[in-house]
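Everything numeric here is computed off the predicted structure, so don't read it as measured data. Protein chains get the first letters and strands the later ones, always in sequence-line order, with residue 1 at the start of each. Reckoned from all heavy atoms, side chains included, excluding hydrogens, waters and symmetry mates.
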Amino acid sequence: MAAMGEPILEVRDLVKYFPLTRGIVVRKQIGAIRAVDGVSFDLRRGETLGIVGESGCGKSTLAKLLMALERPTSGSVRINGREVARARGGELKRVRRNIQMVMQDPYTSLNPRMTVGDIVGEPFEIHRDVAPKGDRRRRVRELLEVVGLDPDHVNRYPHQFSGGQRQRIGIARGLALRPEIIVCDEPVSALDVSIQAQVVNLLARLQDEFGLAYVFIAHDLSVVRHISDRVGVMYLGKMVELGKETEIYDRPTHPYTQALLSAVPVPNPEGRERRERIILHGDPPSPADPPSGCRFRTRCWKAAEICAVEEPPLRIRPGTGHASACHFAETRDVTPA
Amino acid sequence: MKKTSTPMVPAGRAPGGEPLLVVDDLHVEFTTRQGVVRAVNGVSYSLNPGETLAVLGESGSGKSVTAQAIMGILDTPPARVSRGEIRFRGTDLLRLPEEARSRIRGRRIAMIFQDALSALNPVFTVGFQIGEMFRVHRGASRRDAEKKAIELMDRVRIPGARQRVHDYPHQFSGGMRQRIMIAMSIALDPEVLIADEPTTALDVTVQAQIMELLAELRRESDMGLILITHDLGVVADVADRIAVMYGGRIVEKAPVHDIYRTPAHPYAKGLLDSVPRVDQKGQELFAIKGMPPNLLDMPSGCSFHPRCPYRQDDCVTDAPPLYEIGPTRASACHYWREVLDGSHG
Amino acid sequence: MSDTLAPAERPQNGGVGGHPGASRPPKAASLWSDAWYDLRRRPLFVGSAVLIGVLVAMAVFPSLFTSVNPFDAATCDLAQARQGMSAAHRFGTDNLGCDVYSRVVYGARNSLVIGLSTTVVTALLGGLLGLLAGFRGGALDTLLSRITEIFFAIPSILGALLILAIFRTGNVWTVMLALAVLAWPLTYRIMRAAVITAKGQDYVLAARALGASAPRIMFRHILPNAVASVIVVATINLGTFIAAEAGLSFLGVGLRSPDISWGLMISDARERFLEAPWPLLFPALFLSLTVLAFIMLGDAVRDALDPKLR
């Protein structure tokens, strides 16, 4: 892994509420979806931070907030010390050079009516000072080569490529401006199993080659473990546990993390009869109306009175080495070796 | 909060030779603008009562098309079953008149799908939709059907079934909708249940709930389960036997423990090797090179040969048959011995 | 059902090697250059373009097609009224004994001008407003959508009567205006819906993440993906407009004699259709050919703009 440097991305108390409104002519706010509700973390140069959590936990909204595709309700996102959340116009455009994204669905993330050359070259059209006009074609071919595609295919259209190849096109587009941070939002989950490893390897190679820092959002816990230096676990808009990859996977302290890890099917049938599995009951509550205190308490087997009253902050708990948002945090190994 | 261990039931044999369901040399073709696509190309497998057979494969492998052929829900045209038999308790379903077939479909062979929301009708209550099975197939009255619906919702462990029977599909979460689908599919006590990627759209914790539910139901009723999936983890958890499909064929068949321990086909081995493991942290993952085949333009010989590390000259020219490599195992690779040796090493 | 075969698309994936790309233009391709390259090779396009070329030539230089000037009253002979086809009158003569062929040729101008200009104005006005409303949303969208609903509530004949009554004269341009004012809301709606669909796609999000400006997103990403349905509706509308002009003439508010248009000819010939079908059939035939040519053209252009269909 690359040497860890100073924080390149600092996220503090990030909050995003989507208002729920009623009425057509006169809009009245009747509530809010608390998609992201007070998330803080740092990302260091060359590092990979994995973000895991189930649908509705706010991880995709978090990605959009980092990319300044959504404006936060409050809180801050700083890249190299520069505030993103309130940047506008030219300032925002400059910020974007440093943070790019790779999206989940390679079928919808590429404009079907643009050639691959136009798609990968568009960053240079938008940021004209990055590459002189005469140089853009060469740069595009170079980028295609870097991600393992034939540079002679610049004049083809996305539909002429397979899913894995399209994802490579998306990665080439994300690399064009030489960003220091790439937000990967489920970059392999839409791909065939036999292709996923290829793309994971490509992302790892590019990280070494260009010193990239990744925010790697995924629901596949084994892929996240493989590529991440640190991992954050989200539940209902909150970060419930954050630590080094080994800390989260080998010594999880938050009950939700433990349940999540134990629920993952292990691709090895040996000893499956004896495998201990924490089956959570019910579904996550609605983010429009989260429980008081700890948000996980409605499904938690450790829940006590304090959990309903006092929200547990994300901090390092006694006897553990990493941050957890549980009043009763304790280590428990739930993954089979 | 409850802790459980994954339930296991030994596979039961059907009384008297013939298994519950046999797919024999099935061929399915699609006519497209670009030409004829052989989506399923000589697939054979069998299912015993109480057994879970996992059909593993990626998109385009033909695993869902095979299931749709069993159900008789292929769109024909463009699809056409060009050869083969599907024997259910000894009767070839493909030769039955449509009327006889529709009496089996849903009643004795049922299916659940990946996307429960689009499989449910948004304008009817779930109770009505579950009860419909009884009204249509058993001629039950409205009130009896509703009572049955509540029973079934209890059976698939939907909390508060009595109150929720009048709710509409959109009022349920993804996991609960999948339970409703399962309730509908088991309503008439089918002997075979085909589950096509039943948990792919669900979250990990919900996925565990659904897989456990399916295992319990299968145990209770001795129903045979065909689980179609691309998820190696889910297969390892619940399957008794596995059929791995690639490019419209079965490339390996084996009991679950054998294939995970010693895969005998390079594709199965490649899939297993590409799963990230803890001890490989920071290293490059093993990756099967190349892309899944284009069904319109299948490679000659063995369809996996362009991606195969074991390839020899004859792989390009001769399509390997499904070699019997043991009493319960088969592999469609000329060099299965080398693959097995590589797996041991 | 992840691997259910969608025959139209699945086999193309991974088929990168087999694309007939060898004869493609060697330099940087773009949607428009590829579309043009593709169009020139489509018989449908070539056929419709030739047909449209002939019709336009007829409209611009009618004297090339006939030596008879139908505006000259001396060319009509009441004694020769309602004659069948002959060497002197290829398409026969009408109620007033005028030569139908030369009237069809001279009528092309008014009919084509009304059809084309109304189509263009409708497509531009409805298309641009639809693009803006769909892209911006919010108050602008609400306002424009309510306005179009008002237009939808007006019966079109009544509306056209009203507008033409205000102008007091029925000439090509007032007819065009009356038709366009009533027709743009439909195009607006179609465009708006297509834009809203395209706007939600991930590639638009990706462009925003790159810092693309609003005009770039609208014209480079959304418009090419939304324009297809508008093209189809526009070409179908073209025929409707030419026919609607006839309806207005019949009601006495459209073009009037001595002006000539296919619509006028059809409406004049209706009463005596059974005894003399020619004066109606020939302008109707030309009207149909025009509509057909433009619909074919629209289809070809739409297909050429979709890389998947090339």
Name the option with the most non-hydrogen atom pairs under 4.5 Å to chain C; the candidates are A:Met101, A:Arg97, A:Gln104, A:Arg173. A:Arg173

Determine the option with the most heavy-atom pairs under 4.5 angstrom with chain C, choosing from A:Gln100, A:Arg94, A:Lys64. A:Gln100

Near C:Arg136 CZ, under 6.0 Å, is it more than 12 heavy atoms from other residues, nucleotides or ligands? no

Can you tell me which portion of [X] sits under 4.5 Å from chain C's heavy atoms? Options are side chain, backbone, both or neither.
X	answer
A:Ile119	neither
A:Thr108	both
A:Leu110	backbone

Considering all heavy atoms of both residues, which atom of [X] and which atom of [Y] are nearest to each other, and what is their separation?
X	Y	result
A:Ser109	C:Ala206	O-CB, 4.3 Å
A:Met67	C:Ala209	CE-CB, 3.7 Å
C:Asn225	A:Pro112	OD1-CG, 3.4 Å
C:Leu210	A:Pro123	CD2-CG, 3.7 Å
A:Met103	C:Leu205	SD-CD2, 4.3 Å
C:Pro224	A:Arg113	O-CD, 3.0 Å

Please lay out, stage by stage, how A:Asp118 and C:Arg220 fare under the test side-chain contact (heavy atoms from CB on, under 4.5 Å). CA-CA 11 Å; A:Asp118 283 345; C:Arg220 204 144 155 69; 3.6 Å; yes

Counting only N and O atoms by type, is there a donor-acceptor contact under 3.5 Å from the side chain of [X] to the main-chain atoms of [Y]?
X	Y	value
C:Arg208	A:Leu69	yes
C:His221	A:Asn111	no
A:Arg96	C:Ala212	no

Using a strict 4.0 Å threshold on nitrogen-to-oxygen distance, state whether A:Glu125 and C:Arg216 make a salt bridge. yes

side-chain contact (heavy atoms from CB on, under 4.5 Å) between C:Asp34 and A:Thr115, intermediate numbers included: CA-CA 10 Å; C:Asp34 280 352; A:Thr115 63; 4.2 Å; yes

Verify side-chain contact (heavy atoms from CB on, under 4.5 Å) between C:Asp202 and A:Tyr107, making sure each step is shown before the conclusion. CA-CA 9 Å; C:Asp202 279 354; A:Tyr107 292 88; over 6 Å; no

